[in-house]
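Written out below as structure tokens is the structure these notes cover.
Note that this is a predicted model, so its numbers are computed, not measured. Throughout, residue positions are numbered sequentially from 1 according to the sequence presented.
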Amino acid sequence: MQRASVVFRASGAAASRFSAAHGRVLCAGLGVRNASNIRVVTNTKRPDAAAAATPDAPSTPSTTKYVESSFSDNKYTSSKPTDKPADKPAFDSDTAANGDLASALFNPAEGYLQGSHWSTSFQGMATEPFESRISDVLMAPITESEIEIKPDGLLYLPEIKYRRILNRAFGPGGWGLVPRGAHSVSGRTLSREYALICLGRFTSQARGEQDYFDDGGLATATEGCKSNALVRCCKDLGVASELWDPAFISQFKAKYCAEEWVTHAVRGSKKRMWRLKTRQWEYPWAKK
């Protein structure tokens, strides 16, 4: 299998902050799966492949993919990777609005958002309440049997429950999440801003985040980031609002939860953790 070297041309005031982590995320978004060497150059000329070769270079076949990029304080944009350098930049940030853009993770002007005002619009915000039927579905008391608890004691409702509530209120296709900017990465945390649109009206906006531990988990992290934003947006609609009510949280824990000392089966370490009274501890944790 060929090894791919990827060269990013970075420019702008924030070019020095372009890290290998950004490069790995972009490679995944641009479909470069076998990148073994990610380089960033800040000069205006592409590196010459012949000049870059060294006597000790491995004999394994290698290709270099060039990505025309502009990384600044306000935005990051990128073009599709190409096997050979072009005479002219493949992407011009000044004409991005009219260009054919690749769907890159850090590209705030992704193709499917071109011509859509929802990436910036607040149309319909607070114009009038939703009809009573919709409000009753959104603000219905939470079903206690659907509530889960994390080991650290945080109560939560599985993300799929929020989607079901929105589907009952607005119908499938009557609501949607719209990205309001590019993905950003800090350490091993991926985040992105989303807006919740219901029946053609801006309803709420929130930033979702998700940790990832290796490059193979980026696709899952982007989905988790979107789901996290959805849960946060739903707070403004009153969905599962009890989970942010201290009085409800205390009563629920006292009635349905237990906090116990448990031992890790491999490390032998002990930790105080929470569980539902209807559940048992699962490996590697056990009460001893």
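L276 and V262 fall into different hydrophobic clusters, defined by Ile, Leu, Val, Met, Phe, Trp and Tyr side-chain heavy atoms under 4.5 Å apart, directly or through other members. One hydrophobic cluster, built from ILVMFWY side chains closer than 4.5 Å, holds both L166 and L199. Placement of L237 and Y194 within a single hydrophobic cluster is found when ILVMFWY residues are connected by side-chain heavy-atom separations under 4.5 Å, directly or transitively.
Using cut-offs of 30° and 60° for the angle between ring planes, the F248 and F252 rings count as parallel.
Under the 4.5 Å side-chain criterion, counting only non-hydrogen atoms from C-beta, V231 is not in contact with Y156. Looking at heavy atoms from C-beta onward, S191 lies out of side-chain contact with H183 at the 4.5 angstrom threshold. Contact check for I149 versus Y256: no side-chain heavy atoms found under the 4.5 Å cut-off. Proximity of P284 to R267: side-chain heavy atoms (C-beta onward) are nowhere separated by under 4.5 Å. You'll find the side chain of I197 reaches within 4.5 Å of the side chain of F202, heavy atoms only. A heavy-atom distance below 4.5 Å is found between the side chains of L230 and W175. The side-chain heavy atoms of V178 and L196, taken from C-beta on, include no pair separated by under 4.5 Å.
Judged by distance alone, the side chain of T143 and the main-chain N or O of S145 form no donor-acceptor pair under 3.5 Å. Remark: side-chain polar atoms of S227 are paired, donor with acceptor, to backbone N or O of E223 under 3.5 angstrom. Of the possible polar contacts, none joining the S250 side chain to the A247 backbone as a donor-acceptor pair under 3.5 Å is found. Side chain of R232 to main chain of R207: a donor-acceptor pair is present (N/O by atom type, distance under 3.5 Å, no hydrogens or angles). Proximity of a side-chain donor or acceptor of R192 to a complementary backbone N or O of G181 within less than 3.5 Å is detected. Here the side chain of K253 pairs a donor or acceptor atom with the backbone of G153 at under 3.5 angstrom.
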Full working for side chain to side chain donor-acceptor pair (under 3.5 Å) between R180 and Q205: CA-CA 9 Å; R180 303 282 274 193; Q205 180 170 323; 3.1 Å; yes
Side chain to side chain contact (heavy atoms under 4.5 Å, CB included) evaluation trace for F170 with L138: CA-CA 10 Å; F170 303 108; L138 295 174; 4.0 Å; yes
Please walk me through it: do L157 and L243 pass side chain to side chain contact (heavy atoms under 4.5 Å, CB included)? CA-CA 8 Å; L157 195 65; L243 298 181; 3.9 Å; yes
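K226 and E159 are not joined by a salt bridge, as no carboxylate oxygen comes within less than 4.0 angstrom of a charged side-chain nitrogen. Taking 4.0 Å as the cut-off between side-chain N and carboxylate O, R279 and E148 count as a salt-bridged pair.
A cation-pi arrangement is absent between R201 and F122, since the terminal nitrogen or guanidinium carbon is not both under 6.0 Å from the aromatic centre and inside a 45° cone about the axis.
In terms of heavy atoms, S204 sits closest to C233 at OG-O, 3.3 Å.
Between the side chains of W281 and E260, at least one donor N or O lies within less than 3.5 Å of an accepting N or O.
Residues passing the side chain to side chain contact (heavy atoms under 4.5 Å, CB included) test with P151, sequence neighbours excluded: M273. Residues meeting the salt bridge (Lys or Arg N to Asp or Glu O under 4.0 Å) test with R133, sequence neighbours left out: E131.
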